[in-house]
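A quick write-up on the structure given underneath.
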Amino acid sequence: MIIIPAREGSLRFPGKPMAMLTARSGQSRSLIEWVWRAATAAADPADVVVATDSARIADAVAAFGGAAVMTSPDARNGTERCAEAYARLGHQADLVVNLQGDNPLVPPHYIAALVGAFADPLVQVATPYVRCDTAMSAQLRADYARGRIGGTCVVARGDGTALYFSKAPIPHGAPLLDLHIGLYAYRPSALAAYAALAPAALEEQEGLEQLRLLEAGLPVHLVKVDLPEGGLWEVNNPEDVPLVEALL
């Protein structure tokens, strides 16, 4: 099952899921519809649901033919919202994929790569990353120097699990950065375990939900994927819209 968490109250970009993006073809759609279409390119539409606390977003999803489930406005992040939505739906899935609602450029093979990682029974949580080229590494550093968050970097352990995630360009001095993709896959038991944990200090300081798992000592397996031509950008800020539109 793919769950897309979407809320209107983003501090950096209020109303973000309903922002209109125009592809190079000239087709304009809301951000949430672009993300839903990315999900349905990788899975049966019957296995894709938007989790939201906004009736306006839920109505928009219904209008373009998607399914939505209402969740509490108290969810502190997308993973908590996914856990609540999964519990409310009452469906049984082998895996739950959290495709963040600001990531319309995720290609289907990223989701397939995540699913493939669970052939190892030890994997409970998996997330992808790309090795940035020189230009993209420079862009992430320049964004950070200007106080603009352009992406999240990850550092791996030798066993292929995550050592740390940060909105800073880490590790300092590395020629090329590893960019984390806002996409997670969980076994349902791991998703429920996440929701049962209290928010962690590093999670709150960095503003990164996945750090709750690392602080609790729960491994997050990393899956390396290829960087698409032109790069890969999330809609974190209003100024990201033209960058994403150029790649749609």
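The figures here come from the full heavy-atom set of this structure, side chains too, leaving out hydrogens, waters and symmetry mates. Because the structure is a prediction, the values reported are computed rather than measured.
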Judged by atom type as modelled, is there a donor-acceptor pair below 3.5 Å linking the side chain of R29 to the main-chain atoms of M20?
no

Taking the side chain as every heavy atom from C-beta outward, state whether V35 and P104 have any pair of such atoms under 4.5 Å apart.
yes

Mind listing the closest non-hydrogen atom pair of T152 and K167 along with its distance?
OG1-CG, 4.0 Å

Kindly work out whether a path of hydrophobic side-chain contacts (I/L/V/M/F/W/Y, heavy atoms less than 4.5 Å apart) joins V130 to V223.
yes

Judged by atom type as modelled, is there a donor-acceptor pair below 3.5 Å linking the side chain of R157 to the main-chain atoms of A162?
yes

Tell me whether L95 is reachable from V125 by hopping between hydrophobic residues (I, L, V, M, F, W, Y) whose side-chain heavy atoms are closer than 4.5 Å.
no

Is the shortest side-chain heavy-atom distance between V241 and E245 below 4.5 Å?
yes

More than 12 non-hydrogen atoms from neighbouring residues, nucleotides or ligands closer than 6.0 Å to CG on D133, yes or no?
yes

For the residue pair Y164 / E206, report whether a side-chain donor-acceptor contact shorter than 3.5 Å exists.
yes

Shortest non-hydrogen contact from M136 toward L227:
SD-CD1, 3.7 Å

In the single-linkage hydrophobic clustering (I, L, V, M, F, W, Y; side-chain heavy atoms under 4.5 Å), do L213 and V155 co-cluster?
yes

Would you say the side-chain atoms of S137 pair up with the backbone N or O of L177, donor to acceptor, closer than 3.5 Å?
yes

With side-chain contact (heavy atoms from CB on, under 4.5 Å) as the criterion, how do T134 and L176 come out once you've worked through the C-alpha distance, each side chain's angles and the decisive distance to 0.1 Å?
CA-CA 6 Å; T134 301; L176 300 178; 3.9 Å; yes

W233 side chain reached by Q139 side chain, heavy atoms, under 4.5 Å:
yes

Residues passing the side-chain hydrogen bond (donor to acceptor under 3.5 Å, both in side chains) test with T79, sequence neighbours excluded, are N98, Y186, E209

I'd like to know whether E84 forms a side-chain contact (heavy atoms from CB on, under 4.5 Å) with S72, so could you lay out the CA-CA distance, the side-chain angles of the two residues, the decisive distance to 0.1 Å, and finally the verdict.
CA-CA 8 Å; E84 181 185 348; S72 167; 3.6 Å; yes

Rounded to the nearest 0.5 Å, the CG atom of L191 sits from the CE atom of M1 at a distance of 11.0 Å

Answer yes if L99 and L222 sit in the same cluster of Ile, Leu, Val, Met, Phe, Trp and Tyr residues linked by side chain heavy atoms under 4.5 Å apart, and no otherwise.
no

Any donor-acceptor pair under 3.5 Å from T52 side chain to A6 backbone
yes

Nearest atoms (heavy-atom pairs only) where W36 meets P45
CZ2-CB, 4.4 Å

salt_bridge(E80, R212) N-O dist < 4.0 Å:
yes

Taking R131 first and then D178, would you say they form a salt bridge - that is, a charged N and a carboxylate O separated by under 4.0 Å?
yes

To the nearest 0.5 angstrom, please state how far the CD1 atom of I4 sits from the CD1 atom of I57.
11.5 Å

Measure the spacing between CG of L31 and CD of E234 and express it to the nearest 0.5 Å.
10.5 Å

Could you report the tightest heavy-atom contact between A93 and Y86, atom names first, then the distance?
N-OH, 3.0 Å

Heavy atoms only: give me the nearest L179-G151 pair and the separation to one decimal.
CD1-CA, 3.9 Å

Evaluate side-chain contact (heavy atoms from CB on, under 4.5 Å) for L214 paired with L202, printing each intermediate quantity in order.
CA-CA 9 Å; L214 298 191; L202 290 174; over 6 Å; no

Is there a side-chain contact between V49 and L89 (heavy atoms, below 4.5 Å)?
yes

Hey, could you give me the CG/CG distance between D159 and L122, rounded to the nearest 0.5 Å?
11.0 Å

Heavy-atom check, side chain of F165 versus side chain of C153, under 4.5 Å:
no

With side-chain contact (heavy atoms from CB on, under 4.5 Å) as the test, would you mind laying out the steps for I32 and F64 before giving the verdict?
CA-CA 10 Å; I32 190 60; F64 62 67; 4.1 Å; yes

Compare all side-chain heavy atoms of P199 with those of R76 and state whether any distance is below 4.5 angstrom.
yes

Between H180 and Y129, does the ring centroid distance fall short of 6.0 Å?
no

Please examine the side chains of Y184 and Q100, heavy atoms only from C-beta on, and report whether any two atoms are closer than 4.5 Å.
yes

Looking only at heavy atoms, the pair that brings M70 and A55 closest together is CE-N, 3.9 Å

Quick check against the 3.5 Å criterion: does R7 have a side-chain atom that pairs as donor or acceptor with the backbone of A75?
no

Have Y110 and N103 got a donor and an acceptor in their side chains that come within less than 3.5 Å?
no

Sidechain-backbone polar pair: E215 side chain, A201 backbone, donor-acceptor under 3.5 Å:
yes

For atom CG of D94, is the number of surrounding heavy atoms from other residues, nucleotides or ligands below 6.0 Å larger than 12?
no

Mind checking the NZ-CG spacing from K16 to N236? Nearest 0.5 Å is all I need.
5.5 Å

Carboxylate-amine/guanidinium proximity below 4.0 Å for R81 and D53
yes

Could you check if a side-chain atom of T161 sits within less than 4.5 angstrom of a side-chain atom of V220, using non-hydrogen atoms only?
no

Linking I/L/V/M/F/W/Y whenever any side-chain heavy atoms sit under 4.5 Å apart, do M18 and F13 land together?
yes

From CG (L183) to CG (L114), nearest 0.5 Å:
5.0 Å

